[in-house]
Undergrad: 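Please find one structure pasted underneath; my questions will follow.
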Amino acid sequence: MGLIISAIIGLIAGAVAHRVLNSRGGFLGSLVVGLIGALLGGELASILNLNLAGGVIDRLIVAIVGAILFLFVWKKVFK
């Protein structure tokens, strides 16, 4: 069940990141960006000692921030 929730959160985070940065990405692209963003956001939250409750909303916010950051850097490096 945790894997399914993580995939859904990653998909939502990737879709939001694509919308915010006005980039194109299909289903698989959004999922990959969201999952990488969730990992990146989780590491950043850990480094910054953020006290997260571990709920779905917290995970979603962290994943969205990480996905936006990842996609921003990706676009700057490869354009």
Side-chain angles (χ1 to χ4, degrees):
M1 188 64 149
L3 183 64
I4 294 171
I5 298 297
S6 294
I8 291 170
I9 288 173
L11 183 60
I12 293 169
V16 170
H18 281 295
R19 281 284 193 204
V20 168
L21 295 176
N22 198 21
S23 67
R24 295 180 3 184
F27 178 80
L28 188 59
S30 292
L31 183 61
V32 169
V33 167
L35 291 176
I36 293 172
L39 292 172
L40 179 64
E43 285 299 316
L44 286 174
S46 175
I47 290 170
L48 296 174
N49 276 340
L50 296 178
N51 294 328
L52 302 174
V56 175
I57 300 298
D58 290 343
R59 289 173 55 191
L60 182 61
I61 291 170
V62 166
I64 289 172
V65 170
I68 290 171
L69 181 62
F70 170 72
L71 197 56
F72 177 77
V73 171
W74 182 270
K75 287 176 74 172
K76 291 296 180 186
V77 168
F78 291 105
K79 279 197 175 191

Undergrad: Please determine whether residues V56 and I8 belong to a single hydrophobic cluster, defined as Ile, Leu, Val, Met, Phe, Trp and Tyr linked transitively by side-chain heavy-atom distances below 4.5 Å.
TA: yes
Undergrad: Could I get the full list of side chain to side chain donor-acceptor pair (under 3.5 Å) partners for S46, not counting sequence neighbours?
TA: none
Undergrad: Say whether L50 and I57 are linked into one hydrophobic cluster, either directly or through other cluster members, by side-chain heavy-atom distances under 4.5 angstrom.
TA: no
Undergrad: If Ile, Leu, Val, Met, Phe, Trp and Tyr residues are connected whenever their side-chain heavy atoms lie under 4.5 Å apart, and connections chain through other members, are V73 and L44 in the same group?
TA: yes
Undergrad: Count the heavy atoms belonging to other residues, nucleotides or ligands that lie under 6.0 Å from CG of L48, then report whether that count exceeds 12.
TA: yes
Undergrad: Could you grab the distance from atom CH2 of W74 to atom CD1 of I36, nearest 0.5 Å is fine?
TA: 7.5 Å
Undergrad: May I ask you to list the residues sharing a hydrophobic cluster with F27, side-chain cutoff 4.5 Å, ordered by chain and number?
TA: L11, L31, L35
Undergrad: Please output the side-chain donor-acceptor pairs of residues 59-71 that fall under 3.5 Å, not counting sequence neighbours, one pair per line with the distance.
TA:
from : atom 1 : to : atom 2 : distance (Å)
R59  : NH2    : S6 : OG     : 2.8

Undergrad: Which pair of non-hydrogen atoms, one from V33 and one from H18, has the smallest distance, and what is that distance?
TA: CG2-NE2, 4.0 Å
